[in-house]
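Input: a single structure, listed below in structure tokens.
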Amino acid sequence: MAVLTLEHVDQVFGQGSARVQVLHDVSFAAEAGSLSLIVGPSGSGKSTFLTIAGGLLTPTAGVVTVAGEAYQSRSAKAREQLRLTTIGFVLQAYHLLPYLTVADQFKLVDRIKKTGNLSRPALAALLAQLGIADLVGKYPAELSGGQKQRVAIARALYPDPAILLADEPTAALDGPRVQVVGQLLAELAHTRNKAVVVVTHDQRLIPFADAVFDMTDGRLARV
Ligand SMILES: Nc1ncnc2c1ncn2[C@@H]1O[C@H](COP(=O)(O)OP(=O)(O)O)[C@@H](O)[C@H]1O
Ligand SMILES: [Mg+2]
């Protein structure tokens, strides 16, 4: 079942001579239990696509639905609730809070979303799987780019969202870590029935995907 759809989405930024159309008639459906990979070069519109898919940006034209209902027909509060409970984001800038240790990044989630988060053992297993279990006492500034990236992935998964949207989740990772993250994302889709959507320029993730799309100059095509 498609849990997230984009139908005929256009995105235009700017006006007049500064007008740029970044997405052209993009249609897409993400299925539960499936890892969808959108591959394209820098500047092709991937982050814009993901921002729209997550309801953080309303497109210039077209409709985006989550769980069968359009963002546009939900109230701002309902959209916020949806992002809290149903959609996990791994964004390019990691968005870790600088004054919180890794362990506290998760406790903060508990304060914002009180129920339905991973159990302590499940979180411990996830941190071990990602190779970051011994970093829980550290602050983001003490972590490498790859470590921050893996903490950001774990934090996005902690609320156990039905949909996971990830922007370049492997950009800072070396080959073996890419394999771990690719396997983890595929496993989440397959064994936990999540709809996982990854946008990336990293061709190394292609073997893990169930559906691969190409994004070129704002046009999306199934590969
Ligand atoms: N808020 C914005 N205003 C104007 N142009 C933007 C904005 N956001 C993105 N763009 C432009 O849209 C194009 C696609 O950007 P982006 O979606 O970030 O691509 P990608 O993630 O594939 O690198 C780029 O040319 C970028 O400069
Ligand atoms: Mg991007």
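Read the numbers this way: they start at 1 and go in the same order the structure lists the ligands and their atoms. Nothing fancy with the numbering, it's 1 onward along the sequence.
Of the listed residues (Asp167, Leu35, Val39), just one forms a side chain to side chain contact (heavy atoms under 4.5 Å, CB included) with Val198, and that residue is Leu35. Remark: of the listed residues Val181, Val180, Leu185, Val181 is the sole one forming a side chain to side chain contact (heavy atoms under 4.5 Å, CB included) with Thr170.
Scanning the protein heavy atoms around atom 18 (O) of ligand 1, the nearest turns out to be Ser47 CB, 3.6 Å. When hydrogens are left out, the protein atom nearest atom 19 (O) of ligand 1 is Gly45 N, 3.2 Å; that is the closest non-hydrogen contact. In terms of protein heavy atoms, atom 22 (O) of ligand 1 is closest to Lys46 NZ, 2.8 Å. Of the protein's non-hydrogen atoms, the one nearest atom 4 (C) of ligand 1 is Phe13 CB, 3.3 Å. Among protein heavy atoms, atom 17 (O) of ligand 1 sits closest to Thr48 OG1, 2.6 Å.
At a cut-off of 2.8 Å, Ser42 is not counted among the residues with an N, O or S atom near the Mg ion (ligand 2).
Checked by distance only, ligand 1 and Val22 stay at 3.5 Å or farther apart across all their nitrogen or oxygen atoms.
With ligand atoms numbered from 1 in the order given, ligand 1 contributes 22 (O) to contacts under 4.0 Å with heavy atoms of Pro41.
Taking a distance limit of 4.0 Å, we find that atom 27 (O) of ligand 1 is approached by no protein heavy atom.
Sparse packing is recorded around CZ of Arg111, with 12 or fewer heavy atoms of other residues, nucleotides or ligands lying under 6.0 Å away.
In summary, the aromatic rings of Phe213 and Phe28 are positioned with their centroids under 6.0 Å apart.
Between Arg219 and Asp217 no salt bridge is recorded (no basic side-chain N to carboxylate O distance below 4.0 Å). A salt bridge links Arg192 and Asp160; the closest N-O separation between the charged side-chain nitrogens and carboxylate oxygens is under 4.0 Å. With salt bridges taken as basic N to acidic carboxylate O contacts below 4.0 Å, none links Lys107 and Asp110.
Under a 4.0 angstrom heavy-atom cut-off, Ser42 registers as being in contact with ligand 1.
Geometrically, Arg79 does not engage Tyr71 in a cation-pi contact defined by less than 6.0 Å to the ring centre and at most 45° from the axis.
In the candidate list Gly40, Ala18, Gly43, Gly43 is nearest to atom 14 (C) of ligand 1, counting heavy atoms.
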